[in-house]
Number of protein chains: 2
Amino acid sequence: MGKVEHCITFLLGKAYQKSQQIAKQHLNAFQITPVQYAVLLILWEKDGQYIAELGTRLKLDGATMTGIIDRLVQKNLIEKHADAKDRRINKIMLTEKGKSLENQLINAMNAGHQEILSELTETEMVTLKAILAKIGDVKR
Amino acid sequence: MGKVEHCITFLLGKAYQKSQQIAKQHLNAFQITPVQYAVLLILWEKDGQYIAELGTRLKLDGATMTGIIDRLVQKNLIEKHADAKDRRINKIMLTEKGKSLENQLINAMNAGHQEILSELTETEMVTLKAILAKIGDVKR
DNA sequence: CACAAATAATTTGTACACAAGTATTTTGTA
DNA sequence: TACAAAATACTTGTGTACAAATTATTTGTG
């Protein structure tokens, strides 16, 4: 009885899909995507990181990062600055606009998280996070 | 302390990413993707379903389905048959090649699932599936 | 019957996500 | 110092995934 609905890959995918939909909805007013938000979140923590660093943190391919960074530059939320010491590197710096949106965006995403987690008890949430981390943290 | 690593959306995404990588790896010899496998799995259950039906089951957009179906046709695993009763509908039928791969593909994916679940205890797996279903099943 | 509304599938455009390959620059080592 | 190896970023190509618009067909309602 190998129904697709009982398959762990499918269940993970659909739960992820759902969380993405909710996140998108809450970010929609700002015209940024969930992964673009994730990049900004890391930059608010520490400005001036370079692309490979951001990609490692988010576990995303360099090719994927190039596109995400391009779109954030176009939206005028970040800027690329060539490093004088190492000309391979582009330091990513928040613009004033990028800095100014921190509180609003975090509030919007917190509301999204509440919505996702509203389906679950506190215990379920803690359990879920622990198990997901176990699956996702495996080295590749 | 809003680190991205503690964010449920991120954790779901990375666990999903991991499971996709493992599934891809196990399906690689057959040159089909995880979602293409999912379509075949539903067709092995019952041949001759139409595209919207498959999309509903997999919770995928019609536009997404069109592309997936196209590629499975190109690989000669399925065929599209216009329905005589309702000319809007394309019934999707397995080819002989599509039928013949059932056992091999299921075995390959079972190995993949074992690999993912090997990180978890039996209890964790049951708990995880139940919570994921709770998140994913919410109507949209 | 006529015609608006609904349904099935496709098309177009945008955005990830990764593999494979390229260009440039830096580092390590002989 | 010369030069292979590594690192950074980008480009190209394939494959999801969805929104919005389009086409073709069928159904429901007056």
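When reading the values below, keep in mind they use all heavy atoms of this one structure, side chains included, and skip hydrogens, waters and symmetry mates. Please read all numbers here as calculations on a predicted model, not as lab measurements. In what follows, every chain begins at residue 1, and chains take the letters A, B, ... in the order their sequences are listed.
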Per the under-4.0 Å heavy-atom filter, residues of residues 74-82 of chain A near DNA chain C come out as none

Going by salt bridge (charged side-chain N to carboxylate O under 4.0 Å, His left out), name the residues that satisfy it together with Glu5(A), two or more places apart in sequence or in a different chain.
Arg57(B)

Specify the separation, in whole Å, of atom CD1 of Ile69(B) and atom P of dA9(C).
9 Å

Apart from Ile89(A) itself, members of its ILVMFWY cluster (side-chain separation under 4.5 Å) are Tyr50(A)

dA17(C) phosphate, OP1 or OP2, under 4.0 Å from Tyr16(A) side-chain N/O:
yes

Could you say whether Ala52(A) or Lys24(A) is positioned toward the 5' end of DNA chain D, judged by the nucleotide with the nearest heavy atom to each?
Ala52(A)

Using side-chain contact (heavy atoms from CB on, under 4.5 Å) as the criterion, list what pairs up with Leu11(B), not counting sequence neighbours.
Lys129(A), Leu132(A), Ala133(A)

Rounded distance (Å) that lies between atom C1' of dC16(C) and atom CG of Asp70(A)
13 Å

Applying side-chain contact (heavy atoms from CB on, under 4.5 Å) to Lys85(B) and not counting sequence neighbours gives Asp83(B)

Atom-pair distance (CG on Asn28(A); P on dC18(D)), nearest Å
15 Å

Between Gln17(A) and dC18(D), is there a side-chain N or O to OP1/OP2 distance below 4.0 Å?
yes

Tell me which residues in residues 86-95 of chain A lie within less than 4.0 Å of DNA chain C, going by non-hydrogen atoms.
Asp86(A), Arg87(A), Arg88(A)

Pull out every residue in residues 36-46 of chain B that has a heavy atom closer than 4.0 Å to any atom of DNA chain D, ordered by number, or say none.
Gln36(B)

Pairs meeting criterion salt bridge (charged side-chain N to carboxylate O under 4.0 Å, His left out) with involvement of residues 97-114 of chain A, two or more places apart:
Glu96(A)-Lys99(A)

May I ask you to decide if Leu60(A)'s main-chain N or O and Thr64(A)'s side chain share a donor-acceptor pair within less than 3.5 Å?
no

Co-members of Met93(B) in a cluster of I, L, V, M, F, W and Y side chains, linked at under 4.5 Å
none

Once you round it to whole Å, what is the distance between P of dA19(D) and CD of Gln20(A)?
12 Å

Counting only N and O atoms by type, is there a donor-acceptor contact under 3.5 Å from the side chain of Gln20(B) to the main-chain atoms of Pro34(B)?
no

State whether the side chain of Glu79(B) and the backbone N or O of Val73(B) hold a donor-acceptor pair below 3.5 Å, judged by distance alone.
no

Calculate the interatomic distance between Leu58(B) atom CG and dA17(D) atom C1'; express it in whole Å.
13 Å

Salt bridge (charged side-chain N to carboxylate O under 4.0 Å, His left out) partners for Arg88(B), two or more places apart:
Asp86(B)

Categorize Gly67(A) for me: base, sugar-phosphate, or nothing, with a 4.0 angstrom heavy-atom threshold over every strand shown.
nothing

When you measure from the side chain of Lys59(B) to the backbone of Gln17(A), do you find a donor-acceptor pair of N or O atoms at a distance under 3.5 Å?
no

Glu53(A) and Lys91(A) ion-paired at < 4.0 Å
no

Is a donor on one side and an acceptor on the other found under 3.5 Å between the side chain of Asn107(B) and the backbone of Asn103(B)?
yes

Separation of dT25(C) P from Tyr50(A) OH (nearest whole Å)
18 Å

Phosphate oxygens OP1/OP2 of dT10(C): is one of them under 4.0 Å from a side-chain N or O of Thr66(B)?
yes

Hey, does the side chain of Thr33(B) come within less than 4.0 Å of dT16(D)'s phosphate (OP1/OP2), counting only N and O?
yes

Gln49(B) has an atom CD; how far is it from atom C1' of dA8(C), in whole Å?
15 Å

Among pairs that include at least one residue of residues 63-78 of chain B, which meet salt bridge (charged side-chain N to carboxylate O under 4.0 Å, His left out), considering only residues two or more places apart or in two chains?
Asp70(B)-Lys80(B)

Atom pairs under 3.5 Å: protein N/O with N/O of nucleotides 20-23 of chain D:
none

